[in-house]
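Quick caveat, the model's predicted, so the values are computed rather than measured.
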Amino acid sequence: MSNGTKIAIAALIILLGIYAFFALDIPYRSSDEASSTPITGGTNSAAQSDLPFLTSPASGAAISSPVHMTGEARGNWYFEASFPIEIVSANGTVLGTGHSNATSDWMTANFVPFTADISFNAGSSSAGFIRIKNDNPSGDPARDKHFDIPVMFATSSKVR
């Protein structure tokens with residue numbers, strides 16, 4: 001094999017590696033509040049096809065404690081079949097925390113159904129978010145992602 005052929009093959013391998021690196025990168029917004037805005041919504045539109053979504057409760061629903069949730073998230077949001085979920089007030093105060101549980105095989109790139117039951121105390125807050133967070137065992141803040149679903153708090157939300 002000539003040197004020119006070897007260089008061409010090496011260049012092709014490098015270009016394919018660069019293409020794969022960028023093609024497999026899933027865009028997301030960091031949960032670092034100082035530098036980005038959280039992704040908000042609650043439906044799985046075409047523009048949000050890789051984001052988790054809730055089937056219950058619906059976006060904008062009134063919730064009380066404990067809130068039972070069902071939905072789906074891509075397998076890369078899970079670690080050991082779960083990911084964290086928070087109930088957050090409109091001003092950013094965390095009112096309750098817990099974890100989802102995958103209800104089928106989570107080691108896939110496909111959507112995986114989950115359930116979660118989270119207790120919270122809304123106090124005087126009337127609105128906020130269900131915050132679905134990717135499980136990030138690395139602890140690297142650059143790998144943190146979250147998705148916020150707006151909700152209202154029923155006046156009787158007390159931790160049980």
Which residues share a side chain to side chain donor-acceptor pair (under 3.5 Å) with Ser125, sequence neighbours left out | none

Kindly indicate, with the supporting measurements, whether the criterion side-chain contact (heavy atoms from CB on, under 4.5 Å) is fulfilled by Ile130 and Ile85.
-> CA-CA 7 Å; Ile130 295 172; Ile85 297 180; 3.8 Å; yes

Is there a side-chain contact between Ser126 and Phe153, using heavy atoms and a 4.5 Å cut-off?
-> no

Can you list the residues that meet the side chain to side chain donor-acceptor pair (under 3.5 Å) rule with Ser138, with sequence neighbours excluded?
-> Asn136

Determine whether Thr93 and Val88 make a side-chain contact, defined as any pair of heavy atoms from C-beta on separated by less than 4.5 Å.
-> no

Please round to the nearest 0.5 Å and tell me the distance separating atom CD1 of Ile118 and atom CG of Leu95.
-> 12.0 Å

Worked verdict on Ile149 versus Met69 for side-chain contact (heavy atoms from CB on, under 4.5 Å) = CA-CA 12 Å; Ile149 296 96; Met69 293 171 259; over 6 Å; no

Ile87 side chain near Ser65 side chain, heavy-atom distance below 4.5 Å | no

Not counting sequence neighbours, which residues clear side chain to side chain donor-acceptor pair (under 3.5 Å) with Asp117? List them please.
-> His68

Do Ser56 and Thr70 have side-chain atoms, one donor and one acceptor, less than 3.5 Å apart?
-> no

Spacing of Ile132 atom CD1 and Leu51 atom CG [to the nearest 0.5 Å] = 9.5 Å

Donor-acceptor list for residues 102-109 side chains, cut-off 3.5 Å, not counting sequence neighbours:
unit_1	atom_1	unit_2	atom_2	d
Thr103	OG1	Pro113	O	3.3
Asp105	OD1	Met107	N	3.1
Thr108	OG1	Asn110	N	3.1
Thr108	OG1	Asn110	ND2	3.3

Residue pairs involving residues 70-87 (criterion salt bridge (Lys or Arg N to Asp or Glu O under 4.0 Å); sequence neighbours excluded) = Asp50-Arg74, Glu86-Lys133

Derivation of the side-chain contact (heavy atoms from CB on, under 4.5 Å) call for Asp135 and Ser82 | CA-CA 7 Å; Asp135 201 324; Ser82 73; 4.2 Å; yes

List in chain and number order the residues that pass ring pair (Phe, Tyr, Trp, His ring centres under 6.0 Å) with Phe83, two or more places apart in sequence or in another chain; answer none if no residue qualifies.
-> Tyr78, Phe114

Asn134 and Lys145 have their tightest heavy-atom pair at OD1-N, 2.6 Å

Shortest non-hydrogen separation from Met152 to Gly60 and the atoms involved | CG-O, 3.7 Å

Hey, could you give me the CD1/CZ distance between Ile63 and Phe120, rounded to the nearest 0.5 Å?
-> 4.0 Å

Please report the closest heavy-atom contact between Ala116 and His99, naming both atoms and the distance.
-> CB-O, 3.8 Å

